[in-house]
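Notes follow the structure.
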Amino acid sequence: MERRTFVRYIGTLGTVALLMPDLLACNTAKSKISVNRLGAPLDRGHLLRGNFDFASDYPVEKMEIPAVIIGGGISGLSTGYHLQKKGFTDFLLLELNETVGGNSGFGENRYSKYPLGAHYLSLANPQNRALIDFLKEQGLITKEENGRQYYLEDFLCHAPDERLLFKGVFHEGLVPEYGISPETHAEITRFFDQMKVLKEAKNTDGIDLFNIPISQASINSDLEALDKITFKDYLNDQGYHSEELHWFLDYCCRDDFGAGSDKVSAWAGIHYFAGRKAKPGNTDPTTVLTWSEGNGFLTNILEKSIREQVKTHVLVYSVEELDDHVLVQAIDLKAQKKLHIRAESAVISSPSYVAKHILKSPSWPQSYFEGIHHNPWLIGIVVVDEIPEGNGTPLAWDNVKFGTKGLGYVSDRHQEFGQHRDKHVISVYLALDREDEQTERRKLFQMTDEEMCDLVVSELTSMHPLIEQHIQSISFQRWGHGMVTPYPGALAKYQEYLRLKSHAKRVHLAHTDYSSYSVFEEGFDLGLLAANKLVNHEA
Amino acid sequence: MHYLLLFTIFVISTCGLIYELVAGTLASYLLGDSVTQFSTVIGTYLFAMGIGSYLSKFLRNNLIEHFIRIEVITGVIGGLSSAILFISFGYSGYFRIILYGLVLLTGIFVGLEIPLIMRILKNKVGFRDLVSKVFTFDYIGALIASIAFPIVLVPYLNLTRTSVLFGLFNVGLALYLIYYFRKELKHPTLLFIQASGASLLLIFAFVYAGRINRISETEIYGESIIYATNSKYQRIVLTRDRNAYSLFLNNHLQFNSRDEYRYHEALVHPVLSHCSKPKNILVLGGGDGFAVREILKYPQVQHITLVDLDPKLVSIFSKNELMTKLNQNSLNNPKLKVIHADAFEWLRNTAKDKYDAIIIDFPDPSNYSVGKLYTLSFYKSLQRVMTNRTLAVMQSTSPLYAKESFWCINSTIEASYLQTIPYHTYVPSFGEWGYILFGYDLNELKVRSLPKKLKYYSTEEFKSMKFFPPDMQDHKKVVNRLDNQALIPLFEKEWDSLFD
C-alpha cells in the first residue's frame, strides 16, 4: 500500500474533530431531522497526502527520552498508567487525535454525554488482579471478601439492563426464551451448560483454556482446531439448530466482534462466553459497569494519571528500531514542527493498519500485520423527545429486536439518577458486515447523510413504528475500522504475536488488534505487560 | 320590526340566565356547598342587574348602537366566564374574587339590556303592550334556558362550551342587528369588525374548550374532578366528593382530605417527637405541604427545606385557597425553603447541610424510575445529609397488601448500615399503611416533645403501630439495588394480585 493510501486511512480514522459539525437536514417521509457528522476527516488530512509536503518547512525539534508510546487508546493509556505507577515517568504518549481514548472516546450534547464506541466494562475475572486493584483504587470495587468483589452500585448497569423485542413484546434479557418450543429451550440450556463446562476447562498445565485477558489463558491443540472453523459451523457440528439460539449467538458475535457467527472463529465465539467468570459479591456476574460516556469514563481516569506525558495532535509517521535506540519521527500538527525523538524503547499502541506503515523493526516483519481484520461501524447518536412505549419491559439500557441484523440501541442516559428525562439520547449501533470489509468501508464513506439517516431511522422504527416523529437530531460517528474482528485464524495470529514478542528488543506492541479481542480488559492487560517489559529493560 | 326586537329579548334572556347558571354550577362544583354557592351567585347576579338597570339611564342617543355594543361585550365576558374560572382556579389565589367579579360584570351588562330594549321600543309599541311583551319573552327565554341547561347543555357540551355557545348567540345577535340596522347606524363597519373579532375569539374558545374542561374524567374517579392539569412530570387531578377533596398524581391517590391527617401525623410525629433538637428539617417529596404543616407544629423548628420535583404541584398547594386551607398555608411559611429538584440528584450533587430530621414522602415504587429512590444507593446518598443523631422516616407502601415490598424497603435501609423501626397505621382511604423510621442509632429513643391537640397520633398509639401481626410479616431479606431493582417486580406482583 502506498503512503497516500495510508494517509487516507488516517483521515478515515476520524482524525482531529476540530471541524464545525456540518449541520444538514435529513428529509424523511414524515419529518425533518437535523443531522451532523462527528469526527469528520480534517482538511489537513488531505494536505498530508504525498510525502508530507506541507510540513517540509517545519522546524525540526530533536528530543531524547527513555520511552515513547504511540497511540492513546486504552492500551497506550494503560501502558502509561502502569509506567507511572511503577515510578517511571520519563516518557511521552503521542496521540494523533485531539483527544485520547480511541474506540473508548466519548462526545457530549446538550442533554448528555454519549460513547463513540466501547460502552461498558464486564465485571473482572478473579484472576485479573491488576484490573481488580485498579477498580479498587478508583472506588469502583468497594471491598473484597472471600474472593468476591463488591462493586459500587452506582455504576453497575441499572435495572432493567436489557430487553428483547420478541413476538411483539419486550422481554427482559436478550436470550429469546418466551413462548419457545421445549426443544429450543433444551438447546439453549444445553448451550449454556456447555459454556459453563468450558469455563472450568483447563490445559495440562492447570491453566484455564479460556480466560480474559487472553494472556491468562493456556492454548492447546483443541483451541487451535476450533480456530480453523467458524462459530456457526461449530454450532451446527454440536447439533444446535434452533433459530432462536442461532440468532442470539449471531447477535452476540456482531455486537462484540463486528461480524456474524458465520464469519468469526469458533474459538472467539466460545471465548466470549467461556472467558467470563467474574465472582461479584453484591450483584449478578453478568452485570456490567457502564456510564453515560461509556468507557470514556475509564479513558478519563487513565488519562488523568499521565496528563503531563500525553501529547495530542501528533502524527507519527515513522518508528525505526536501530541497534542502540529507536528513532521516532512525527509531526506536531498544532505547534507545526517536526519531532525527531531518540528513545530507548517504544510501545506501538496503534492498530495494525497504522503500525504496518510506520514501523520498521527487525522483530516485527511486515507480513505479521496482514490478516488482521476490522469491520466498519456506523453509530447514530439520536436525540429523541419520546420513546414510544411498547408492550412489556420498559426502556432498558440495551434494547434489541429479535431476528434482525441490527444491534438495537443503547439508552445513553440510563445511568442518570433522576426520575425525569426531558429528552432521550440513544446510540444506534450498526456493524457493517454484509460484504467484505473493504467494500463495506468504501460504501460507508460514500454514504450521504440521507442514506445514513435512513439506516439509523429504519433500525429504530423496526422497534418503535411511531418513533420517527419524535426524533430531533442524529449525529453520525463513522468508524472505518471498528474493533478487531476475529475471523478463523485469529488465535493463530495471537500465537504469532506471542512468538515475535518474545524476541522483541526495543519495540513492543500493545493494542487489542494483537490479542484478537477488543475489550477494555485486553487493552488494560497489554498496557500492563508492555509497561513491565519497559521497566525490566530499563533495569 | 318589533318582532325582531322581541326575538332579541328572547335571546338575551336565555343567555343571561345561562351565564348565571354556569357561574352557580361552577362555584358549587369547585367549592362544594351548592346551597351557599347558588344563593350567593344568584344574589350577586340579580344585584348586578339592578346596577345595570340603574346605569342604563346614562346611555343616550344611538341606543341601537349602544345595545349592539353591549351584546358584544356580554357575549365575550359571559361566554368566556367558565373558561376563565376553570383556569384561575388552578393558578390564582383569588378564585372567589374573580368569581364574584365576573358575576358582577356579566350581571351589569345583562341588566343594561332590558331597559335599553324598552326604550328602543317605547315609541313603537304602547306602554302596556310593551311591558307585557317584553317580560313574556324574557320569562319564556328563562324557562327554556333553565330546562335545557341540565338536560341538554351540560351533559352534551360541558360547562365551558355551553357558556361559549351562548356568548356566540349574543355576538351573533349583534351581527344580525348590525346588518338589519346598517343604514341607521353611524359606524356600521367599526361595529362589524368588533363583533366579528369577538365571534372569532369565541369560536376559538369553543374549539379549545375541551382542553380546559375535564369533566369527562368524572367517570374515572367516580367523584367530581374540580381541577386537572398536566405538569412536565405528572398528571395532577383534584377531585371533590361532597366536602372532601382528593389528589391524584398519575391516577394514584395521594390523599383524601377526610383522613389525610392520619397519614401525615403518622408520617411526621414519630420522627419529630423523638428528635432531640429538631431545628433543621428536610422534606423530600411532599409538595402538598401536609408534612410541612405537621412539622410546623413544633416551635423549635427553625428551617424546613422541601425538595419536590414539580413546581406546578407546589404552586397549586401554595396558592389555591381550598388547598392552602387544608395545609394551613404551610407552603407560604417563612421557615420553609422550597427547592425544585430531583431528590436523588439533589442529594448527590447539591445538598450540603446536615438535617436533624428527614421526612420522605415519595410516590410508591411502581416503576423503575421511582424505584431508584428506594435503592441502597439512595440511602447511601441520604447519609451525606445525616448525622449520628438524625432521625428519618419514609413512607413505605402497605405492609398488608404489599408486605414483601414493605419488608424489602426495610431490608434495603438496614443494608445501608442504618437501624430501622418499621410501623404502620390505618388510613381509611389507603387501607393499612406502612412507614419506616431509621437512623444510625435508635437504641435510646425517647419522646422529647409532642404537640398538643393532634387529631390522631399519640405516644401510646405509636407503641401499637410498631406491632406487626403475622399477616403483615415477611422474612425474606431482599435488598433493592440500582442494578436489580428487586422491589419493582415485587410491588407490581403484590398490587396486581389485589385486583385479580
Side-chain angles (χ1 to χ4, degrees), chain A residues 111-112 120-123 139-143 149-163 170-173 278 280-292 385-387 389-390 392-399 411 413-424, chain B residues 230-234 249-250 284-285 287 307-313 340-351 362-382 384 412 415-417 478-492:
Chain A
Y111 310 102
S112 169
Y120 66 90
L121 169 63
S122 301
L123 304 188
L140 298 177
I141 290 178
T142 52
K143 63 170 180 181
Q149 291 75 40
Y150 288 74
Y151 286 85
L152 181 68
E153 181 188 349
D154 298 10
F155 300 137
L156 292 172
C157 185
H158 299 178
D161 55 350
E162 298 162 331
R163 61 172 182 171
F170 281 103
H171 302 277
E172 236 182 306
N282 64 333
T283 188
D284 191 273
T286 57
T287 312
V288 298
L289 291 158
T290 185
W291 305 264
S292 276
D385 54 30
E386 192 187 320
I387 298 171
E389 258 182 51
T393 306
L395 180 67
W397 172 63
D398 194 8
N399 305 269
S411 168
R413 300 185 68 182
H414 185 76
Q415 293 295 92
E416 288 181 15
F417 294 86
Q419 304 291 294
H420 183 78
R421 311 262 179 284
D422 239 0
K423 295 277 186 287
H424 291 277
Chain B
N230 284 316
S231 77
K232 202 169 150 191
Y233 308 104
Q234 55 202 341
L249 298 180
N250 291 337
L284 301 177
V307 182
D308 195 290
L309 187 58
D310 196 347
K312 207 160 181 177
L313 180 77
H340 294 298
D342 184 277
F344 205 160
E345 287 187 337
W346 180 80
L347 284 170
R348 287 179 60 90
N349 307 326
T350 316
F362 291 141
D364 278 356
S366 60
N367 61 54
Y368 286 102
S369 22
V370 184
K372 292 187 180 188
L373 298 169
Y374 291 82
T375 57
L376 192 56
S377 175
F378 175 80
Y379 301 113
K380 286 184 178 162
S381 299
L382 193 66
R384 298 174 189 198
T412 307
S416 73
Y417 303 107
V478 182
V479 174
N480 187 42
R481 300 183 316 262
L482 281 171
D483 58 296
N484 70 357
Q485 291 236 21
L487 176 60
I488 305 304
L490 280 183
F491 184 87
E492 270 176 8

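What you see is a predicted model, and the numbers here were worked out from it, not measured in a lab. Below, read A as the first sequence line, B as the second, and so on, with proteins coming before strands; counting in each chain starts at 1.
- Ranked by heavy-atom pairs shorter than 4.5 Å toward chain B, the options A/Asn282, A/Leu395, A/Leu152, A/Asp284 are led by A/Asn282.
- For the pair A/Asp154 and B/Lys380, the salt-bridge criterion is not met [side-chain N within less than 4.0 Å of a carboxylate O].
- When all heavy atoms are compared, the tightest approach of B/Ser366 to B/Glu492 is O-OE2, 4.1 Å.
- A donor-acceptor contact closer than 3.5 angstrom is absent between the side chains of A/Thr287 and B/Asp483.
- Using modelled atom types, one finds no donor on one side chain facing an acceptor on the other under 3.5 Å when comparing B/Asn480 with B/Thr412.
- Interface remark: A/Asp161 contributes no atoms to any contact with chain B (heavy atom separation under 4.5 Å).
- Contact tally against chain A (heavy-atom pairs below 4.5 Å) for B/Gln485, B/Glu345, B/Arg481: the top residue is B/Arg481.
- When each of B/Asn484, B/Leu309, B/Leu376 is scored by its heavy-atom pairs under 4.5 Å with chain A, the top score falls to B/Leu376.
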